[in-house]
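A short write-up of the structure that comes next.
Nothing here was measured: the structure is a model prediction, and the numbers come from that model. To find a chain, count down the sequence lines: A is the first, B the second, and so on, and within it residues start at 1.
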Protein chains: 2
Amino acid sequence: MDSLLRYFDMLCLIPKAPNSISTPEILKKLQNMCYAVDLRTVQRDLVKLSASPLFPIANTENTKPLRWFWIDNSSPMQLPMMSTDEALTFKLAEMFLEPLLPPSVRSRLAGYFDLADKRLKESKFEHWVEKVGVVPKNLPLLPAEIEPSVLAVVYEALLKNRRFKATYQAIYKQPKTYEINPLGLVFRHNSIYLVATIFDYTDVKQLALHRFKDAELSDRIVSVPKNFVLNDYIAQGNFDYPVDNHLQEITLKLKVADFLKQILLETPLCTNQRISQIDDEHYLLKACVINTEQLHWWIRSFGTGIEVLEPLELREFFAFEAKALNEMYQ
Amino acid sequence: MDSLLRYFDMLCLIPKAPNSISTPEILKKLQNMCYAVDLRTVQRDLVKLSASPLFPIANTENTKPLRWFWIDNSSPMQLPMMSTDEALTFKLAEMFLEPLLPPSVRSRLAGYFDLADKRLKESKFEHWVEKVGVVPKNLPLLPAEIEPSVLAVVYEALLKNRRFKATYQAIYKQPKTYEINPLGLVFRHNSIYLVATIFDYTDVKQLALHRFKDAELSDRIVSVPKNFVLNDYIAQGNFDYPVDNHLQEITLKLKVADFLKQILLETPLCTNQRISQIDDEHYLLKACVINTEQLHWWIRSFGTGIEVLEPLELREFFAFEAKALNEMYQ
DNA sequence: TATGAAAACGTCCAAGTTTGTCGCTTTGGT
DNA sequence: ACCAAAGCGACAAACTTGGACGTTTTCATA
């Protein structure tokens with residue numbers, strides 16, 4: 001029984017395919033976990049485990065301290081088993097994420113989606129796919145593809161606080177190689193941007209991940225500019241949607257069309273919104289919200305379905321825009 | 001060694017907490033898997049396994065065929081271990097899904113997000129959170145909460161093709177109990193809708209999941225109306241965003257502002273889009289897209305940043321709307 | 001309420017497995 | 001070329017496993 005636990009812990013110590021761990025390293029780690037075992041035992045156990053098709057582990061046969069790893073492309077085994085509920089939720093999440101995340105990011109979770117598939121199939125619940133639909137809220141734009149090896153380096157650099165060397169091709173320019181000092185990742189518009197400084201300059205740049213041609217981890221530690229905080233950097237409007245009045249909260253009064261009432265009742269703008277009837281076809285909406293560019297987009301997207309009443313500033317903003325739009329189409 | 005595999009398969013047979021499996025059932029299933037074991041052995045094994053903190057399984061002590069289950073609230077164990085890459089991707093997915101999925105749906109995956117957390121913590125990579133940001137594309141509306149027990153019944157009913165009895169409270173109406181014949185789930189606007197018929201009527205209804213007060217599985221099998229296909233039902237515009245001309249593909253010509261060029265280059269509208277310069281501040285975009293309501297939203301949301309040139313029909317549609325909008329604000 | 005089938009659980013013991021030890025071979029670095 | 005470290009085969013002692021059997025408990029049916 002004790003050995004069962006040891007087997008388990010051993011299997012946990014072994015990393016997935018690109019990485020590996022040597023037999024003596026496993027021994028040391030097991031001893032740290034208070035298993036009083038011999039190297040010979042560890043060797044024997046590994047051979048035994050790898051013989052079973054349940055545990056697809058293998059070693060590098062030609063090196064002398066043998067290095068062990070899990071053979072790739074297998075979806076993870078898991079205890080307790082994934083429930084059908086979880087499997088369904090995974091598939092739903094996959095549907096949601098599909099138009100949002102670039103393929104190389106999504107593919108990191110492919111094993112889990114496969115596991116969910118298997119689970120639903122073995123339960124004879126295959127037909128669920130025909131029973132689920134998504135009505136997208138956004139126009140599905142094509143997410144830009146990111147070179148998987150670049151993504152791996154960027155992930156590792158951010159996690160380990162290390163810089164990396166990379167070739168970046170700005171639009172309409174020749175590719176150039178820089179040493180990147182990564183500060184953070186920002187997702188926007190189905191694209192991923194690296195916020196970083198370059199070489200030893202101090203100005204913060206935004207680099208689209210899909211424009212990197214290659215990347216290689218360096219040994220230099222990341223240096224964070226004084227007072228740099230990613231969320232502040234975003235809030236300052238560095239991602240081309242400046243937050244108008246520094247996150248000012250406003251009391252919004254909108255005259256909304258009939259059909260919008262339903263939507264707003266179900267997914268309110270804020271917890272304390274109020275809706276009252278104006279006439280047969282219009283309702284008055286009151287809500288406290290933060291005056292962001294996203295709010296403007298949202299209001300615009302309903303066209304004549306929303307009329308901004310207050311604050312007056314915002315009404316004038318939209319009135320001006322309506323006038324400009326009308327003139328544009330003359 | 002053979003017994004290790006048996007332990008593993010035994011653990012796989014045990015379901016999570018609300019469900020359970022009796023010792024004789026486990027015996028039968030193991031025998032089907034060609035394990036020639038005695039009931040006594042199974043009993044002993046289960047006691048042994050449950051004694052280890054690694055396998056939080058327990059039994060119902062007062063029933064006579066003892067029923068075994070995994071004690072809840074533990075995040076799943078998995079082999080091979082979740083890599084840091086996967087863990088990071090899970091956390092990113094969580095950030096994305098947070099404003100999209102209702103809490104009760106998201107909570108089904110909580111174990112995996114916790115696992116990802118643990119993994120990142122034990123790797124001393126805790127600071128990644130400060131290094132990732134999301135610039136939301138949409139106004140974050142509050143997703144409507146769904147009663148977890150209702151969600152469970154709806155999931156089960158859909159998977160097992162069974163009807164259920166439920167109390168539904170339509171807006172401004174008294175709650176009523178119906179027998180629901182579920183046909184499919186549709187996600188729209190951060191809300192989830194059940195497409196279903198009621199009792200033995202044949203008209204297809206849409207029922208918001210968050211308006212169900214309770215639900216209980218019934219034994220009656222679902223009957224699908226003739227020719228009902230969920231995706232067709234959605235495409236027919238039953239979710240209040242009718243697809244204008246039956247998924248007609250149009251060749252779009254837009255005059256777009258400078259800043260939109262960047263966005264469109266990175267996340268194109270379609271694979272064959274063309275962008276050419278008109279003047280210092282404007283570009284011509286050509287793309288073949290499907291003429292959906294989402295496209296209209298998208299165009300509207302950029303205000304004066306987009307002028308529709310072709311097709312003429314669409315231009316006139318927006319010209320008319322601009323005029324109406326301008327008049328509205330006079 | 002009696003009866004019987006089924007499951008849980010204790011104990012014994014033989015068969016089988018595990019594991020430390022030792023010795024030999026192979027490998028890689030200095 | 002040498003040495004340290006790891007792989008590998010063999011062996012025997014120690015330990016674990018698992019079937020057999022008996023007793024007790026529970027639940028369903030007569």
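Between B/F90 and B/Y112, the two ring planes are parallel [angle under 30°; tilted spans 30° to 60°].
At least one side-chain heavy atom of A/D117 sits under 4.5 Å from a side-chain heavy atom of A/K91.
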**Message:** Generate the contact string for nucleotides 6-24 of chain C. Rules: B means base contact, S means sugar-phosphate contact only, - means no protein heavy atom under 4.0 Å.
**Reply:** -SBBBB------SBBB---
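Smallest separation of non-hydrogen atoms from B/N59 and B/F69: C-CE2, 3.9 Å. Contact detail for A/S52 and B/L5: the closest heavy-atom pair is OG-CD2, 3.4 Å.
Side-chain polar atoms of B/R67 and B/S20 form a donor-acceptor pair below 3.5 angstrom. Side-chain contact annotation: A/E25 with A/S22, donor-acceptor N/O pair under 3.5 Å present.
As a whole-Å value, the separation of B/Y35 OH from D/dG19 P is 14 Å. One interatomic measurement links the two molecules: CG of B/L27 to C1' of D/dG18, which rounds to 13 Å at whole-angstrom precision.
Other residues, nucleotides and ligands contribute over 12 non-hydrogen atoms within 6.0 Å of the CD atom of A/E145.
Applying salt bridge (Lys or Arg N to Asp or Glu O under 4.0 Å) to B/R163 and the options B/E156, B/E216, B/E179 leaves one that passes, B/E179.
Recorded end-axis angle for the helix from C/dT1-D/dA30 to C/dT30-D/dA1 stands at 40°, based on five pairs per end and rounded to 10 degrees.
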